[in-house]
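All of these numbers come straight from a predicted model, not from anything done at the bench.
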Amino acid sequence: GLARRGRVTRARMTQILNLLNLAPDLQEAILFLPRIVAGRDRWTLRQLLPIAAHLDWRVQRKLWRELCSRLKTEDDSTVPNGAG
């Protein structure tokens, strides 16, 4: 299936597909995060899945803003414009 083609486990594929529950503006913000050219990305699936677990987009946006605020405190360059 899809997981095999993507060379990930079925569980990981489920996690990735759960991101489709995110509000459209949050999906767009994630798609337009700056490309990481060195080191590790500060944005992780582990941070995003709890946000996607809430089906209320208002709650998602509140949690997104909180995450952006935490990451901004760590490094201003990682926070995308919009969706906030």
Side-chain angles (χ1 to χ4, degrees):
L2 190 57
R4 189 170 4 117
R5 288 186 182 160
R7 297 181 185 206
V8 296
T9 65
R10 285 177 27 199
R12 176 62 77 194
M13 184 58 62
T14 298
Q15 290 175 329
I16 293 166
L17 289 174
N18 282 340
L19 296 177
L20 293 172
N21 292 329
L22 287 170
D25 54 317
L26 300 185
Q27 291 182 32
E28 184 176 354
I30 291 166
L31 287 172
F32 290 105
L33 285 170
R35 183 171 183 228
I36 302 301
V37 293
R40 298 185 72 158
D41 197 339
R42 290 203 163 152
W43 296 84
T44 65
L45 188 59
R46 179 176 282 165
Q47 295 165 324
L48 298 173
L49 286 175
I51 297 172
H54 293 274
L55 298 182
D56 184 332
W57 290 352
R58 290 171 297 181
V59 173
Q60 289 181 4
R61 289 179 182 112
K62 177 182 180 288
L63 294 171
W64 173 263
R65 286 189 301 270
E66 291 171 2
L67 175 59
C68 288
S69 179
R70 282 196 312 270
L71 293 177
K72 184 176 176 111
T73 301
E74 296 172 13
D75 180 0
D76 283 342
S77 68
T78 63
V79 179
N81 293 328

Subject >> Presence of salt bridge, Glu66 and Arg70, under 4.0 angstrom >> reply: no
Nearest atoms (heavy-atom pairs only) where [X] meets [Y]:
X	Y	result
Leu26	Arg61	CD1-N, 4.2 Å
Gln47	Arg42	OE1-O, 3.0 Å
Leu22	Gln27	O-NE2, 2.8 Å

**OP:** For Leu48 and Thr44, run side-chain contact (heavy atoms from CB on, under 4.5 Å): C-alpha distance rounded to whole Å, both residues' side-chain angles, the deciding distance at 0.1 Å, then the answer.
**Re:** CA-CA 7 Å; Leu48 298 173; Thr44 65; over 6 Å; no
Within one Ile-Leu-Val-Met-Phe-Trp-Tyr cluster: [X] and [Y], side-chain cutoff 4.5 Å:
X	Y	result
Ile30	Val59	yes
Leu63	Trp57	no
Val8	Leu20	yes

Original post:
Would you say the side-chain atoms of Gln60 pair up with the backbone N or O of His54, donor to acceptor, closer than 3.5 Å?
Top reply: yes
**OP:** Could you tell me whether the side chain of Thr14 and the main chain of Arg10 form a donor-acceptor pair under 3.5 Å?
**Re:** yes
**OP:** Evaluate the criterion side-chain contact (heavy atoms from CB on, under 4.5 Å) for residue pair Ile51 and Asn21; output intermediate values, then yes/no.
**Re:** CA-CA 9 Å; Ile51 297 172; Asn21 292 329; over 6 Å; no
**OP:** Please step through side-chain contact (heavy atoms from CB on, under 4.5 Å) for the pair Trp43 and Leu33, ending with a clear verdict.
**Re:** CA-CA 9 Å; Trp43 296 84; Leu33 285 170; 3.7 Å; yes
Subject >> Audit row: Leu49, Leu19, side-chain contact (heavy atoms from CB on, under 4.5 Å) steps and yes/no >> reply: CA-CA 7 Å; Leu49 286 175; Leu19 296 177; 4.2 Å; yes
Original post:
Rounded to the nearest 0.5 Å, what separation is found between the CZ atom of Arg5 and the CZ atom of Arg7?
Top reply: 12.5 Å
